[in-house]
Every structure is written in structure tokens, then in C-alpha cells.
Chemist: 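This is the structure I want to talk about, given as C-alpha cells.
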Amino acid sequence: MDLRVVTLFPKMLDLFGKYGVTGRAVEAGRVRLSGINPRDFADDLHGTVDDRPYGGGPGMVMKVQPLEKAWCAAKQGLAGDYQTVILSPEGRSFDAGVARKLAKLDGLILICGRYEGIDQRFYELTQAEVVSLGDFVLSGGELAALVVADSVVRLLPGVLGDDESANQDSFCAGLLDYPHYTRPESFEGQQVPDVLLSGDHGAIARWRLKQALGRTWRLRPDLLAGRTLSDEEQVLLDQYKLEFEQNSSE
């Protein structure tokens with residue numbers, strides 16, 4: 001994937017391209033990462049990219065001209081299917097479904113806003129998808145862009161080494177993840193569940209599904225509200241609820 005980020009602070013991409021899963025993806029050539037700075041396309045010697053808002057008000061607004069030129073530069077050489085995404089708190093919520101859709105693309109351009117916002121004409125010119133991490137405001141779109149990029153890159157084929165790892169992530173099946181355990185078997189009186197030590201793969205799969213359903217019911221019931229459970233899932237969820245109530249009353 002060609003991953004191009006339009007940002008006033010391209011050096012913020014350095015850590016993304018050097019460490020962890022994303023760093024390995026860049027090193028292996030599965031992701032080609034580049035930053036494009038709108039200041040390089042400003043029409044004055046000072047590299048001005050912002051100005052006072054028409055109509056008055058606090059703060060400054062990112063100018064459409066250098067941002068549009070940076071966007072055009074970011075599109076140069078992109079082949080196949082690509083999409084432009086603007087990071088903004090007014091956008092649609094970014095979730096696993098959006099990440100999976102973006103991971104199918106050949107190229108992705110992420111636009112990072114700053115100041116009070118971006119000139120509205122840039123939105124209209126690009127017809128970009130607008131994405132938000134949630135109902136809060138950051139100093140700029142860079143951190144949000146890195147979150148989106150990380151979520152997308154780990155879904156690319158071969159990036160995780162074992163593609164099944166991505167398939168079993170939280171939200172992949174519309175549920176939270178099940179609990180994970182590793183050595184030692186006992187720690188400060190807490191034991192690894194016996195079923196995970198049994199070697200019975202069918203029983204382990206059912207336990208994990210029950211835990212995923214139960215966790216989602218407790219922590220994110222909204223995810224279950226629009227989901228039709230299979231007969232097996234309903235039985236497992238009912239078992240979890242009963243066990244949860246019994247443990248809560250003890």
C-alpha cells in the first residue's frame with residue numbers, strides 16, 4: 001500500500017515507520033510511507049498555511065491553496081484504487097469496518113488538519129471521506145492519522161506474519177476479544193482457566209466464544225443490539241450471564 005500523509009509535521013511519521021508492526025511493514029516494502037508538507041506549497045516566502053477566519057472568531061484556519069497543492073502532489077504516481085481521508089472530529093466514527101474497507105485499497109492519503117480547522121472549500125474540492133476517532137478534539141490530525149494508519153496496515157496481507165491474528169482481533173466478528181493467558185499457570189493465587197490447559201480445541205473454542213459474547217454483553221452491549229445470535233451463541237451467552245450473576249452474588 002502507498003500511504004501518504006499530508007501534514008505540517010512530517011517528522012511525526014518517523015516512529016511509525018521505524019518500530020513495531022508498522023515499522024516491519026515499511027522495512028519489508030509492504031507499505032510505502034511518505035509525508036507531504038503543505039508549507040512546501042505555500043505562495044509566500046514565509047510558508048504561510050493559515051489565516052484569520054472570514055466573519056471573525058478565534059484561532060486560525062488552514063488555507064485551501066497550499067493544502068490543495070499538497071493533496072495534488074500526494075496523488076502523483078498513485079496507481080490502482082486509492083482514497084483520501086480527512087481526520088476531523090466532525091467525521092464518521094472510525095471503526096473496524098472502516099479499517100477493513102481501507103485495507104483493501106492500493107493507496108491511502110490521510111489529511112491532517114490543524115488550528116481551528118480547514119477551509120471548507122478543501123472538503124468540497126476533494127470529496128474526501130471524513131473520519132473521527134471520537135467526540136473529542138486533538139491539537140491536530142497527526143495522532144488520529146497514525147491510529148488509522150496502524151489499524152489499516154496491520155490488516156494488510158502478510159504484515160502480521162499470521163493473518164489469522166487479524167481475523168481474531170476484537171471487533172473483527174463484531175465482538176470484543178476473549179481473555180488471554182500465558183505462563184505462569186498460577187500468579188498470586190489466580191489460575192489459568194482449566195479449559196485452556198485441556199488440549200480440547202473444541203472446548204477451548206466454545207469457551208473463547210462464550211467469553212467474547214459475555215464481555216461484549218457487559219462492556220459494549222450496543223454491539224450486541226444489532227446482532228442476530230446463532231442458537232449456539234445464545235446458549236453460550238445465557239450460560240455466561242448465569243455464571244456472572246452467580247459469581248456476583250458470592
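Numbering of residues begins at 1 and proceeds along the displayed sequence. Because the structure is a prediction, the values reported are computed rather than measured.
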Chemist: Starting from Val235, walk the hydrophobic network (Ile, Leu, Val, Met, Phe, Trp, Tyr; side-chain heavy atoms closer than 4.5 Å) and list everyone else you reach, by chain and number.
Modeler: none

Chemist: Test side chain to side chain contact (heavy atoms under 4.5 Å, CB included) on Val5 and Met12 and set out the steps.
Modeler: CA-CA 10 Å; Val5 184; Met12 291 184 70; over 6 Å; no

Chemist: So do the side chains of Pro179 and Arg215 get within less than 4.5 Å of each other, counting heavy atoms only?
Modeler: yes

Chemist: Apply side chain to side chain donor-acceptor pair (under 3.5 Å) to Tyr240 and list each qualifying residue two or more places apart in sequence or on a separate chain.
Modeler: Arg218

Chemist: Where is the tightest heavy-atom contact between Gly91 and Ser132, given as atom of each residue plus distance?
Modeler: O-CB, 3.5 Å

Chemist: How would you list, by chain and number, every residue that makes a ring pair (Phe, Tyr, Trp, His ring centres under 6.0 Å) with Tyr19, sequence neighbours excluded?
Modeler: none

Chemist: Tell me if the NZ atom of Lys75 is crowded by more than 12 foreign heavy atoms within 6.0 Å.
Modeler: yes

Chemist: With side chains defined as the heavy atoms from C-beta onward, is the minimum distance between Leu160 and Val21 less than 4.5 Å?
Modeler: yes

Chemist: Below 4.5 Å, heavy atoms only, C-beta onward: do Cys112 and Leu8 meet side chain to side chain?
Modeler: no

Chemist: Please confirm whether the backbone N or O of Ala74 pairs with a side-chain atom of Arg4, one donor and one acceptor, at under 3.5 Å?
Modeler: yes

Chemist: For residues Gln65 and Asp43, determine if any side-chain heavy atom of one lies less than 4.5 Å from a side-chain heavy atom of the other.
Modeler: yes

Chemist: Let me check something: do Val61 and Leu138 share a hydrophobic cluster, defined by ILVMFWY side-chain heavy atoms less than 4.5 Å apart, either directly or through other members?
Modeler: no

Chemist: Do the side chains of Phe94 and Leu87 get nearer than 4.5 Å, heavy atoms only?
Modeler: no

Chemist: Would you say that more than 12 heavy atoms from the other residues, nucleotides or ligands in this model lie under 6.0 Å from the CG of Asn247, or not?
Modeler: yes

Chemist: Could you work out, with side-chain contact (heavy atoms from CB on, under 4.5 Å) as the rule, every residue matching Leu146, not counting sequence neighbours?
Modeler: Leu13, Phe16

Chemist: Any heavy-atom pair between the side chains of Val85 and Val148 that's under 4.5 Å?
Modeler: no

Chemist: Checking side chain to side chain donor-acceptor pair (under 3.5 Å) for the pair Thr84/Trp71: CA distance, chi angles, key distance, verdict?
Modeler: CA-CA 9 Å; Thr84 300; Trp71 175 63; 2.9 Å; yes

Chemist: Just to verify, what does Ser93 make a side-chain contact (heavy atoms from CB on, under 4.5 Å) with, not counting sequence neighbours?
Modeler: none

Chemist: Once ring pair (Phe, Tyr, Trp, His ring centres under 6.0 Å) is applied, do any residues pair with Trp207, and if so which ones, sequence neighbours excluded?
Modeler: none

Chemist: Do Ser186 side-chain atoms and Gln191 backbone N/O form a donor-acceptor pair below 3.5 Å?
Modeler: no

Chemist: Say you draw a straight line from CG of Leu224 to CG of Leu229; how long is it, rounded to the nearest 0.5 Å?
Modeler: 6.0 Å

Chemist: Identify the two heavy atoms, one from Arg154 and one from Val159, that lie closest to each other, and give their separation to 0.1 Å.
Modeler: CA-CG1, 4.0 Å

Chemist: What is the minimum heavy-atom distance between Leu155 and Ala103, and which atoms define it?
Modeler: CB-CB, 3.8 Å

Chemist: When you look at OH of Tyr54, are more than 12 heavy atoms from neighbouring residues, nucleotides or ligands closer to it than 6.0 Å?
Modeler: no

Chemist: Is there any salt bridge (charged side-chain N to carboxylate O under 4.0 Å, His left out) pair reaching into residues 10-32, and which pairs are they, with sequence neighbours excluded?
Modeler: Asp2-Arg32

Chemist: Sequence neighbours left out, what pairs pass salt bridge (charged side-chain N to carboxylate O under 4.0 Å, His left out) with at least one residue falling in residues 121-145?
Modeler: Arg92-Glu129, Lys101-Glu129, Arg114-Glu142, Asp119-Arg121

Chemist: Are Glu68 and Thr126 close enough that some pair of their side-chain heavy atoms sits under 4.5 Å apart?
Modeler: no

Chemist: Mind checking side-chain contact (heavy atoms from CB on, under 4.5 Å) for Gln190 and listing every partner two or more places apart, or none if nothing turns up?
Modeler: none

Chemist: With clusters defined by side-chain heavy atoms of hydrophobic residues (ILVMFWY) lying less than 4.5 Å apart, directly or transitively, does Val137 cluster with Val147?
Modeler: no

Chemist: Is the count of non-hydrogen atoms from other residues, nucleotides or ligands lying under 6.0 Å from Lys241 atom NZ greater than 12?
Modeler: yes

Chemist: Residues two or more places apart in sequence or in another chain: which of them pass salt bridge (charged side-chain N to carboxylate O under 4.0 Å, His left out) with Arg39?
Modeler: none

Chemist: Which residues pass the salt bridge (charged side-chain N to carboxylate O under 4.0 Å, His left out) test with Glu233, sequence neighbours left out?
Modeler: Arg227

Chemist: Output all residues satisfying side-chain contact (heavy atoms from CB on, under 4.5 Å) with Asp81, sequence neighbours left out; order by chain, then residue number.
Modeler: Leu105, Asp106

Chemist: May I ask you to test the Leu175-Tyr178 pair for a side-chain heavy-atom distance under 4.5 Å?
Modeler: no

Chemist: Using modelled atom types only, decide if a donor and an acceptor are shared between the side chain of Ser248 and the backbone of Phe244 within a distance under 3.5 Å.
Modeler: yes

